[in-house]
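For reference, positions follow the sequence shown, starting with 1.
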Amino acid sequence: MTADTFPSLVVNGATTTAWTNVRKTNNYNSRAPVTDVTSADFRCYTSETGATASTVTVAAGSTLGIQSDGTIYHPGVYEIGAVTDGGTSINWPAYNQAGISFTIPNSLPSGQYLVRIESIALHSASTFGGAQFYLSCGQINVTGGGSGNPGPLVSIPGVYTGNEPGILINIYYPVPTSYKNPGPVSTVIMCLGVGWLD
């Protein structure tokens, strides 16, 4: 399941204007995905737009959302992994959602961060390079934070090879008996990266 683009953040319950606090992606008009996990575009998908964005302030402990410009419609993962019943069927809980939200951890140190959403469409993922990644990067300034140590830290590109079982997978036949989201598991946010603002 995936959306076209993710142009807005949701801060204090209000959706920001498109591409104000989120860097405008190359696919803002084309809706084309990133398929090469080793590409520099895998970071924020801004090689053609050279985009920057305004930084929005959010408090540690508050809810932050990332909003798509439509709804998720491709089979795939978007923070919420696939659900299987041992090989009879596979379901996509994120289907038809317009965005996601999560709590900024109270322990996250105050400072500026890049919040990256990654949605993986798996309908063509049975061959290498077939998974389609839709992503965006929002810019936030966290206030009132704690003294935690964010992690695990990864390089993007570099976090995936494209051969991970959650990326190179046939979702149709045989129906997978299980599904594991690719990438590191974080107790803070799964399939959503928070990193230092670059």
Side-chain angles (χ1 to χ4, degrees), residues 1-3 5-25 34 37 39-46 49-69 72 76-82 93-94 97-120 133-160 164 166-167 179-198:
M1 296 155 243
T2 191
T5 63
F6 298 93
S8 303
L9 297 178
V10 180
V11 179
N12 298 320
T15 303
T16 63
T17 304
W19 309 117
T20 299
N21 303 112
V22 175
R23 297 176 182 187
K24 186 180 278 187
T25 55
V34 175
V37 299
S39 163
D41 270 334
F42 196 62
R43 185 173 300 117
C44 288
Y45 204 9
T46 57
T49 64
T52 59
S54 298
T55 302
V56 65
T57 298
V58 297
S62 67
T63 300
L64 178 67
I66 301 179
Q67 191 75 22
S68 71
D69 62 354
I72 303 164
V77 294
Y78 165 79
E79 185 198 15
I80 306 164
Q97 290 189 23
I100 62 153
S101 61
F102 59 94
T103 301
I104 302 287
N106 285 316
S107 62
L108 187 68
S110 297
Q112 293 192 352
Y113 293 87
L114 188 65
V115 178
R116 179 181 177 274
I117 187 167
E118 173 182 295
S119 175
I120 312 171
F133 294 83
Y134 297 85
L135 46 96
S136 290
C137 293
Q139 297 185 195
I140 64 170
N141 181 48
V142 174
T143 60
S147 58
N149 188 15
L153 302 178
V154 297
S155 295
I156 301 175
V159 65
Y160 305 139
E164 291 77 6
I167 295 174
Y179 181 83
K180 181 180 182 221
N181 284 345
V185 175
S186 170
T187 57
V188 177
I189 304 161
M190 189 158 72
C191 288
L192 182 70
V194 177
W196 299 109
L197 182 62
D198 64 357

Worksheet entry | side chain to side chain contact (heavy atoms under 4.5 Å, CB included) between Thr5 and Tyr134, worked out | CA-CA 7 Å; Thr5 63; Tyr134 297 85; over 6 Å; no
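- Across every non-hydrogen atom of Glu118 and Leu135, the tightest pair is CA-CB, 4.2 Å.
- Looking only at side-chain heavy atoms (C-beta outward), Pro182 and Ile120 come within less than 4.5 Å of each other.
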Practice prompt. In sequence, state the C-alpha distance, the side-chain angles, and the governing distance for Leu108 and Tyr113, and then conclude on side chain to side chain contact (heavy atoms under 4.5 Å, CB included).
Written response: CA-CA 10 Å; Leu108 187 68; Tyr113 293 87; 3.6 Å; yes
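- With hydrogens and angles ignored, the 3.5 Å screen pairs no side-chain donor or acceptor of Tyr45 with any backbone N or O of Ser136.
- The heavy-atom pair separating Gly166 from Tyr179 by the smallest distance is O-OH, 2.7 Å.
- Closest of all the heavy-atom pairs between Gly144 and Ala60 is O-CB, 3.6 Å.
- Minimum heavy-atom separation, Gly148 to Pro109: O-CG, 3.2 Å.
- Under the side chain to side chain contact (heavy atoms under 4.5 Å, CB included) criterion, Thr143 pairs with Thr57, Ala59, Asn141, sequence neighbours left out.
- Looking only at distances, a side-chain donor or acceptor of Arg116 sits under 3.5 Å from a matching main-chain atom of Arg43.
- With sequence neighbours excluded, the residues satisfying side-chain hydrogen bond (donor to acceptor under 3.5 Å, both in side chains) with Thr25 are Asn27.
- Between Val37 and Pro157 the shortest heavy-atom distance is O-CB, 3.3 Å.
- Rounding to the nearest 0.5 angstrom, the gap separating the CD1 atom in Ile66 from the CZ atom in Phe6 is 8.0 Å.
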Exercise answer: donor-acceptor pairs, residues 13-22 side-chain atoms, under 3.5 Å, sequence neighbours excluded:
unit_1: Thr16; atom_1: OG1; unit_2: Leu9; atom_2: N; d: 3.0
unit_1: Thr16; atom_1: OG1; unit_2: Leu9; atom_2: O; d: 3.2
unit_1: Thr20; atom_1: OG1; unit_2: Thr17; atom_2: O; d: 3.2
unit_1: Asn21; atom_1: ND2; unit_2: Ser54; atom_2: O; d: 2.9

Worksheet item: Under the side chain to side chain contact (heavy atoms under 4.5 Å, CB included) criterion, do Gln139 and Gln112 qualify, and how do the steps go?
Response: CA-CA 7 Å; Gln139 297 185 195; Gln112 293 192 352; over 6 Å; no
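- To the nearest 0.5 Å, atoms OG (Ser62) and CD1 (Ile140) are separated by 8.0 Å.
- A distance-only check finds no donor-acceptor pair linking the side chain of Gln67 to the backbone of Ser8 [under 3.5 Å].
- Residues Lys24 and Thr49 come closest through the heavy atom pair O-OG1, 2.6 Å.
- Atom CG of Asn12 and atom CG of Leu64 lie 9.5 Å apart (nearest 0.5 Å).
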